Every structure is written in C-alpha cells, then in structure tokens.
Engineer: 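Pasting a structure below so you can have a look.
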Protein chains: 4
Amino acid sequence: MSPRTVDKAARRKEILTAAVRVFARKGFAATRIDDIAAEAGIAKGSVYLYYDSRDALLEAAFEGYRTMSAAIFDRALNGRGPALERLAEMVREVLGVLTARREPARIMVDLWAASRDAEGSLVDMAAVYGDARAVITELLRQAAKEGVLREGLDERHATVIVGTIEGCLLQCLVDPGLPAAELAEPIIQIFLEGLRRPAA
Amino acid sequence: MSPRTVDKAARRKEILTAAVRVFARKGFAATRIDDIAAEAGIAKGSVYLYYDSRDALLEAAFEGYRTMSAAIFDRALNGRGPALERLAEMVREVLGVLTARREPARIMVDLWAASRDAEGSLVDMAAVYGDARAVITELLRQAAKEGVLREGLDERHATVIVGTIEGCLLQCLVDPGLPAAELAEPIIQIFLEGLRRPAA
Amino acid sequence: MSPRTVDKAARRKEILTAAVRVFARKGFAATRIDDIAAEAGIAKGSVYLYYDSRDALLEAAFEGYRTMSAAIFDRALNGRGPALERLAEMVREVLGVLTARREPARIMVDLWAASRDAEGSLVDMAAVYGDARAVITELLRQAAKEGVLREGLDERHATVIVGTIEGCLLQCLVDPGLPAAELAEPIIQIFLEGLRRPAA
Amino acid sequence: MSPRTVDKAARRKEILTAAVRVFARKGFAATRIDDIAAEAGIAKGSVYLYYDSRDALLEAAFEGYRTMSAAIFDRALNGRGPALERLAEMVREVLGVLTARREPARIMVDLWAASRDAEGSLVDMAAVYGDARAVITELLRQAAKEGVLREGLDERHATVIVGTIEGCLLQCLVDPGLPAAELAEPIIQIFLEGLRRPAA
DNA sequence: TATGAATGAGGCTTCATTCAT
DNA sequence: CATGAATGAAGCCTCATTCAT
C-alpha cells in the first residue's frame with residue numbers, strides 16, 4: 001500500500017458534496033472557492049487537485065443531478081404496475097426530494113441559470129427535460145394502450161406534465177414555506193381528473 | 001412634471017431596457033456594466049447617474065416584471081366572463097409573452113437565481129408567486145360559486161396551476177426549440193379535463 | 001475636448017518605459033505587475049487599460065527594440081560612404097547604446113529567453129538576427145564590389161559578424177564592469193585585419 | 001565511499017540531467033518541479049531529497065556548464081601545438097557542443113537571464129566569461145611570444161573573441177536553422193585574416 | 001449632466017515546498 | 001528513502017464603482 005493512502009474518488013465526492021452545500025446556501029454566483037474548501041475542511045488549493053475549476057464543480061453537481069434524474073426516469077419506465085400509477089409515483093418521488101434533501105435541491109436555480117447560456121454550457125438542462133418528456137410521452141403511450149387515457153394527447157401534454165412538476169419545485173425553492181410533498185396529490189388529481197366538475 | 005424630469009425618466013427606462021436585453025443575452029452573472037452602457041449607447045459612468053449599482057438594475061428589471069405580472073393578474077381578477085375562461089386567458093397571456101418578447105423573458109432564470117438568496121434579496125419572486133396563487137385561488141373560488149368546479153379544491157391546486165405555467169415557461173426558456181404558445185391549450189385542457197378517459 | 005483628456009498613446013509609452021525599467025532592474029521573470037504600476041505611478045489595474053497582459057509588455061518592449069534595430073540597419077544600408085565604414089559605424093552604434101542607455105539594454109537577456117520558446121512566441125529574435133545578417137551580407141556585397149574584400153566570403157561570415165557584436169553585448173550585460181564602447185575599435189580591427197601579423 | 005553514496009550521487013545526476021532536459025525544452029521559467037520529476041521518473045517530493053529547491057537545480061546546471069567550460073579552457077591552455085591552433089580548436093569545440101548536444105545547450109539563455117540578477121545570483125556567468133577572457137588573453141600572449149601576432153593586441157581583443165563565439169552560439173540557439181559547426185572556420189578565418197583583401 | 005480614465009479590492013488559479021505515511 | 005496529497009502564499013487579471021474634468 002502506498003504512503004498516505006487516500007481514496008481519490010471518495011475525496012472527490014466529499015468536495016462535491018461540500019460544494020453543493022455551499023452552492024445551495026449562497027448560490028453559485030456568490031460561492032467562493034474558499035467557501036467550498038472551508039466547508040470541505042481542506043485548503044483552497046486542494047480543491048484544484050480534484051476539480052479543474054469552479055465551473056467544473058457546478059458541472060459535477062449537474063452530473064449528480066442528472067444521474068439522480070435518470071434513476072427516477074428508469075424506475076418510472078421499467079417499474080411495475082399501470083403506467084399512470086408509475087407517473088404518479090414519479091411525481092411523488094421528485095417532490096419528495098425537496099423534503100428529504102431540501103438544501104441540495106436548491107442548486108436547481110443555479111443549474112437553470114447556468115444552462116441558459118446555450119452553446120458550450122456544461123449544464124444542459126434542456127437535455128434533461130427532453131429526457132423527461134420522452135419518459136412521460138412513453139408513459140402516456142403505455143397508458144393509452146391500457147385504455148385509460150382520453151384521445152388526442154400528444155407530446156405537448158408531456159411537456160405540460162414536466163412543467164407542472166418543475167414549476168411546483170420552483171415555487172417551493174423560491175418560497176421555502178410551501179409544502180412540497182403535499183403538492184403531489186393535487187398534481188396527480190389535476191392530471192387525472194382536471195378541475196372541472198364531472199358532467200352529471 | 002418638468003420636461004427635464006420626463007427626460008430623466010425616459011433615460012432611466014432606456015438604460016433599463018438595454019440592461020434587460022443584455023441580461024437576457026448573456027445572463028446577469030456575465031453582464032458587465034460596460035455591456036449595458038454600450039447597449040444603451042452611453043458611457044459607462046453615466047449608468048450610475050440613473051442606477052446606483054448593477055444589482056439595482058436587476059432589481060429594476062424585477063420591478064418591471066412585477067408590474068407586468070400585476071397587470072395580468074388584474075385582468076384575470078377583474079375581467080369579464082366566467083372565472084375559468086379568465087384563467088384560460090391568463091395562461092395564454094403568460095405564455096404569449098414568451099412568443100412576443102422571447103428575449104426579455106430570458107431574465108426569468110436570473111430572477112429565480114437572484115431570488116433564492118432569501119433575506120435581503122431585492123428580487124422577491126416568492127411574493128410574486130404568492131400573488132399569483134392568491135389570484136388563482138380567487139378565480140377558483142369564483143368558479144366554484146359558478147358551480148363548475150369539482151369539490152375539494154384548495155390552495156394547493158392553485159399552487160399546481162401556477163407551477164404548471166411557470167414550469168412550461170422554464171422548459172421553453174431552457175430549450176428554445178419548444179413552442180411556448182402552443183402549450184396554452186394542452187395546459188387548459190389538462191386543467192379542465194385531466195388526462196383520464198371520461199367514465200362512459 | 002472631451003473630459004479628462006489623456007493622450008492614450010503617451011500613456012502607453014509611459015507605462016512601457018516603466019515596464020522596461022523594471023524588467024531591466026529585476027528581470028522579466030521577477031517583475032510583478034505591481035512593480036510596473038508603481039514605477040509608472042499608477043494603480044495596478046490601470047496597466048491593463050493599456051496592455052492586455054504582462055507578456056504583452058514584453059512584446060511591446062521587443063517591438064521597441066526591433067524598431068531601434070531597424071533604424072540602425074537602415075542607416076547602415078542607406079548611409080553614405082564606403083560599405084566597410086558603414087559597417088564600422090554600425091558596430092559603434094550598437095555598442096554605443098549600452099553606454100547611452102545601459103539600463104534599458106538589459107532587457108536583451110529576457111528577450112533572448114522569451115524568444116527561445118520558438119513557435120507562438122511573441123518575441124522573435126531569430127527574425128531580428130536574420131535581418132541583421134541580411135544587412136551585413138549586403139554590406140559585404142557592396143564592399144566586395146568596391147574591391148576591398150578578400151575572396152570567399154559568404155553568409156556565414158555575416159553570421160560571425162552579427163555574433164561578434166551580440167556576443168560583446170552579452171558579456172557587457174552580464175559583467176557591467178566591461179567597457180562596451182571601447183570594444184568597437186578592436187572589433188573593427190579584427191574584422192578588417194585579423195589577429196595575425198601581416199606577412200612581411 | 002560507500003555504494004550508498006555512489007547511488008545517491010548517481011541519482012542526483014539523473015535528476016539534474018532530467019532537469020536540464022526540461023529546462024532546455026520549455027525554458028526555466030516554464031519548468032515545473034512536476035515536469036522534472038516526471039522526466040526523471042520519480043515522484044515530485046523526491047526531487048527535494050536531492051536538491052533544495054528549483055533554483056538549486058538551475059545552479060547545478062550552471063555548475064555542470066562551468067565544469068565543461070573549465071575542461072575546454074584547460075585543454076586550450078595546456079594542450080600542445082601553437083597557441084593559435086589551440087584557439088582554433090577551442091572555437092571548434094565550443095560550437096561542436098551545439099551540434100553534439102543541441103538540446104542541453106539551450107539552457108544557455110536561461111543561464112544568461114538568471115545571471116543578470118547580479119548580486120546573490122547563483123549563476124555567475126560573468127565569472128565564466130572572465131575566465132574565458134583570461135584563457136584567451138593567455139593564448140594571445142603565447143601566440144605573441146611565438147611571433148605570429150600583430151602588435152597592439154590587448155584584453156579587449158580577448159573580449160571580442162569570446163564575444164564572437166558566444167554571439168554565434170546565441171544566434172544558433174535562437175534560430176535552430178543555423179549550422180553551428182559550420183561557423184567555426186569562418187570565425188577562425190576572420191580572427192586570423194580579417195575580411196580585408198591583403199595589400200598586394 | 002456626461003464622460004471614461006483610474007482605482008483597488010477581490011477571485012481564481014498555480015505551484016514550490018512540506019510532511020505524514 | 002520514496003511518495004504524492006496537502007498546503008497556502010502569491011500573482012494575474014477583472015470589473016464595479018468613483019471622480020476629475
């Protein structure tokens with residue numbers, strides 16, 4: 001065993017976790033490398049042994065988010081049970097993150113802001129939302145096959161569903177007083193039934 | 001109001017417009033006072049004759065956004081016709097902005113990011129969304145009175161509606177290929193009817 | 001006249017002069033932007049209003065050197081009198097610089113070091129020496145036409161002449177005790193007569 | 001001397017060789033301890049077991065250069081044959097180094113630059129050139145005794161001779177296209193005969 | 001009021017050196 | 001002896017803001 005054994009991968013993750021915490025607390029723009037180093041309990045220069053730049057840390061945070069999203073998408077696509085039930089579960093899962101890990105979730109706004117600079121941006125939220133829409137489109141297709149959907153639904157409805165989830169997230173992020181988890185059922189209800197009183 | 005004052009106000013607005021254009025183009029974080037001055041066709045120092053700081057310009061942009069939102073809210077609340085129709089119109093209006101003035105709309109992501117820094121932030125999106133939920137809650141109340149709503153709707157449903165609108169906006173901002181305006185009808189449809197095939 | 005009139009070109013030159021003084025004193029590698037700013041009596045940031053980088057200042061110093069060299073070359077090529085006399089005068093001129101402006105001349109060593117990094121280097125001493133050799137080759141050609149040269153001289157002899165001048169400069173730079181100006185005559189003598197006792 | 005000591009010395013030399021290679025390739029200023037360690041095939045920290053600092057490596061490189069020079073000087077002073085022939089041989093030897101070991105020779109420019117920082121500099125090229133002048137002065141003295149030199153030569157002529165050699169080296173370093181070895185004969189010729197057509 | 005040159009605090013990043021293993 | 005992770009001082013450069021004209 002070589003001297004001063006360190007698990008590089010573990011240390012990388014530690015630093016990333018620290019960075020995400022600080023991003024969540026102060027926002028990416030206001031986060032200094034010093035802050036991250038302090039949060040991780042290491043020297044400023046050491047951050048650079050594991051990440052090339054401040055931007056690289058945001059990118060890594062995005063990768064983490066992406067991985068988590070992919071797992072959720074995967075469960076929705078390949079899970080068991082009726083498609084609409086899996087959609088409902090996906091809604092609950094996404095909003096559940098806000099409750100379980102509220103702080104880390106706050107980096108979302110920075111990811112959105114970073115992703116706006118289109119070309120060359122290391123944070124490609126468009127791709128994530130594209131994936132999300134594809135997943136939901138597929139769920140709708142399966143649900144249609146199961147015969148439980150009304151006619152005339154298309155890709156735009158998938159966009160609306162993704163939008164609903166993300167928009168609820170957004171509001172909860174911006175206004176910490178809102179009860180994220182409690183929004184899951186109203187969302188599902190609206191998707192399923194709409195608001196209108198059923199014709200008699 | 002003296003002509004002098006009018007000029008001053010006009011110049012203020014010019015600078016703000018220029019600033020918003022640059023914010024939209026490059027993002028707030030990457031926008032330099034020089035960029036704004038150049039866009040406005042004035043000298044850098046002159047910006048400070050009208051705004052106290054770079055942040056003040058983002059704040060002003062937020063005020064503009066707030067004013068526009070208030071107008072939309074006002075039309076929805078005090079307009080004519082059935083409440084649900086006014087809700088639908090409001091959806092169309094909000095998404096229409098993305099089509100009509102796509103570029104300026106891109107400052108939304110910066111407003112979200114700026115608003116995340118809770119206390120003391122000059123950008124209080126939580127308040128806007130609070131207003132939005134209040135408006136929609138009221139519309140739902142009116143619609144209920146009109147007898148067209150199902151039972152058991154509450155404030156959380158208002159949150160979901162606001163979320164849907166903003167989440168669709170978000171996707172369109174992050175992925176310019178999406179057709180914002182075309183989302184209005186699916187949104188309304190989902191709100192009204194849900195996705196489920198009506199019981200026979 | 002616009003407010004705060006400054007002659008940008010003059011200021012540029014002031015800063016360059018200050019930079020060259022500091023380069024000469026401490027060497028390029030040890031020179032900090034702060035040093036240059038202090039020497040120029042301005043703030044650190046102001047340096048960047050006139051030069052893009054520390055390297056750009058060395059490049060500018062090189063340009064200055066190049067311009068001076070070109071003037072000397074021009075006088076040698078287009079002056080009056082026999083070619084060998086013009087060559088002698090050129091030798092005196094080059095070494096005279098060391099006496100007249102000893103300090104600035106000390107940047108030569110940094111120019112040599114900077115130029116060694118071949119491709120992409122902003123300091124191309126090879127080009128200057130190429131020019132010098134071309135000038136001297138032409139002087140030798142003229143002198144040959146005048147019938148005063150021995151047979152068999154070629155481009156390599158021009159290289160040697162350039163080498164002699166630069167090598168003397170080098171020694172004088174490295175050892176400030178040496179009398180640069182006094183080397184001109186021995187150089188000329190060796191070029192003309194060689195060291196060997198004339199055949200009887 | 002224990003084998004242990006031999007190993008240590010060998011390792012020191014390996015590291016120095018590696019360092020010189022890198023200095024030659026990238027220049028001293030751009031050379032990192034990592035580069036040297038990599039070139040030597042050891043860990044970065046190990047470099048410090050053999051040398052106290054990065055500067056110490058340049059100093060050691062200088063010592064190596066000094067030793068080589070001293071050997072050349074010694075051969076010139078104590079060799080056999082006429083003094084002028086030994087001078088000619090010395091010229092050939094110095095320029096031959098550029099051909100035989102072109103890369104290591106490139107550290108010369110860094111030595112010049114390092115030596116310019118006068119007091120306290122670890123690289124004292126002035127001393128080397130002083131030695132060189134002393135050697136050549138002695139050779140001239142011997143040649144004068146042999147009766148082959150013209151009258152009136154003095155220390156300044158020695159300076160010019162050293163200058164010629166070093167200046168040719170300089171040009172070859174700065175412009176790799178030049179044929180160092182081929183300059184030896186023209187140098188010797190100029191020294192001996194000068195450029196001028198012999199009086200009839 | 002308008003200008004734009006000047007300022008200087010502050011951030012990112014580099015890298016020589018140290019030191020625990 | 002060897003290692004290479006960790007350190008943190010130091011330097012380059014940026015840019016919001018100021019201010020003399």
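Remember, it's a predicted structure, so these values are computed and weren't measured experimentally. Just so you know, these numbers use all the heavy atoms, side chains as well, and skip hydrogens, waters and symmetry mates.
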Engineer: Start at the 5' end of DNA chain E and walk down; is the nucleotide closest to D/Gly45 or to C/Ile42 reached first?
Structural biologist: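 Its nucleotide being nearer the 5' end, the pick is C/Ile42.
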
Engineer: At their closest point, which heavy atom of D/Leu173 faces which heavy atom of D/Ala105, and how far apart are they?
Structural biologist: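 Answer, listing the atom of D/Leu173 first, then D/Ala105: CD2-O, 3.8 Å.
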
Engineer: Please state how far atom CG in B/Asp55 lies from atom P in F/dC15, giving the value in whole angstrom units.
Structural biologist: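 Whole-Å distance recorded here is 15 Å.
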
Engineer: Taking atom P of E/dT13 as reference, at what distance in whole Å does atom CD1 of A/Ile36 sit?
Structural biologist: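 Rounded to the whole Å, the gap is 10 Å.
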
Engineer: Taking the six-membered ring of A/Tyr51 (Phe, Tyr or Trp), confirm whether the NZ or CZ of A/Arg12 is under 6.0 Å from its centre and within 45° of its axis.
Structural biologist: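 A/Arg12 over A/Tyr51 ring: yes.
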
Engineer: I'd like to know if B/Arg116 pairs up with A/Asp110 as an ion pair, taking the criterion as any Lys NZ or Arg NE/NH1/NH2 lying under 4.0 Å from an Asp or Glu carboxylate oxygen.
Structural biologist: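 Salt bridge flag = yes for A/Asp110 with B/Arg116.
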
Engineer: In dot-bracket notation, what is the pairing pattern of DNA chain E, taking Watson-Crick (N1-N3 plus N6-O4 or O6-N4) and G-U wobble (N1-O2 and O6-N3) contacts under 3.5 Å, with [ ] crossing and | for other strands?
Structural biologist: .||||||||||||||||||||

Engineer: Taking any heavy-atom pair under 4.0 Å as a contact, classify D/Tyr50: base, sugar-phosphate, or nothing.
Structural biologist: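 Sugar-phosphate contact only - D/Tyr50 comes under 4.0 Å of backbone atoms but never of a base.
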
Engineer: Which whole-number value in Å describes the distance from C/Asp34 CG to F/dC13 P?
Structural biologist: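 Taking atom P of F/dC13 as the reference, CG of C/Asp34 is at 12 Å.
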
Engineer: F/dC13, E/dA5, F/dA16: which one has an atom nearest the side-chain heavy atoms of B/Arg54?
Structural biologist: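 The listed nucleotide nearest to B/Arg54's side chain is F/dA16.
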
Engineer: Does any pair with a residue in residues 52-63 of chain B pass salt bridge (charged side-chain N to carboxylate O under 4.0 Å, His left out), and if so which ones, sequence neighbours excluded?
Structural biologist: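 The answer is none; no pair qualifies.
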
Engineer: According to a strict under-4.0 Å criterion, is C/Ser46 in side-chain N/O contact with OP1 or OP2 of E/dA5?
Structural biologist: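 Answer no for this pair, as no side-chain N or O of C/Ser46 is under 4.0 Å from OP1 or OP2.
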
Engineer: Ignoring backbone atoms, establish whether B/Arg11 has a side-chain N or O less than 4.0 Å from OP1 or OP2 of E/dT1.
Structural biologist: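 It does not, given that no N or O in the side chain of B/Arg11 lies less than 4.0 Å from OP1 or OP2 of E/dT1.
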
Engineer: Report the nucleotide, chosen from E/dC15, F/dC12, F/dT18, that has the shortest atom-to-atom distance to any side-chain atom of D/Arg32.
Structural biologist: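 For D/Arg32, the side-chain atoms sit closest to E/dC15.
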
Engineer: For a side chain to side chain contact (heavy atoms under 4.5 Å, CB included) with A/Tyr50, tell me which candidate from A/Ile15, A/Ile42, A/Leu16, A/Leu57 qualifies.
Structural biologist: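 Exactly one candidate clears the test, A/Ile15.
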
Engineer: For A/Leu57 and E/dC12, what is the distance between atoms CG and P respectively, to the nearest whole Å?
Structural biologist: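 So the two atoms are 11 Å apart, to the nearest Å.
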
Engineer: Measure from OH on D/Tyr48 to C1' on F/dA6 and round the result to the nearest Å.
Structural biologist: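 That distance rounds to 14 Å.
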
Engineer: Using a heavy-atom cut-off of under 4.0 Å over every strand shown, decide if A/Leu49 touches base, sugar-phosphate, or nothing.
Structural biologist: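 If one applies the 4.0 Å heavy-atom cut-off, A/Leu49 turns out to touch a base.
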
Engineer: Round to the nearest Å and state the distance from B/Asp35 atom CG to E/dG4 atom C1'.
Structural biologist: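 Distance check: B/Asp35 CG to E/dG4 C1' gives 16 Å.
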
Engineer: Give me the atom names and distance for the closest heavy-atom approach of D/Asp35 to D/Ala30.
Structural biologist: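 That would be OD2-O, 3.9 Å.
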
Engineer: Please give me the minimum heavy-atom distance between D/Ile36 and D/Val22, naming the atom from each residue.
Structural biologist: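 Of all heavy-atom pairs spanning D/Ile36 and D/Val22, the closest is CA-CG2, 4.3 Å.
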
Engineer: Is B/Ser53 near enough to F/dA16 that one of its side-chain N or O atoms lies under 4.0 angstrom from OP1 or OP2?
Structural biologist: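 It does not, given that no N or O in the side chain of B/Ser53 lies less than 4.0 Å from OP1 or OP2 of F/dA16.
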
Engineer: Classify the side chain of A/Lys44 and the base of F/dT7 as holding, or not holding, a donor-acceptor pair under 3.5 Å.
Structural biologist: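 Between F/dT7 and A/Lys44, which were checked side chain against base, a qualifying N/O pair under 3.5 Å is absent.
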
Engineer: What nucleotide among E/dT1, E/dA16, F/dT7 has an atom nearest to a side-chain atom of D/Ile33?
Structural biologist: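 Of the options given, the side chain of D/Ile33 lies nearest E/dA16.
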
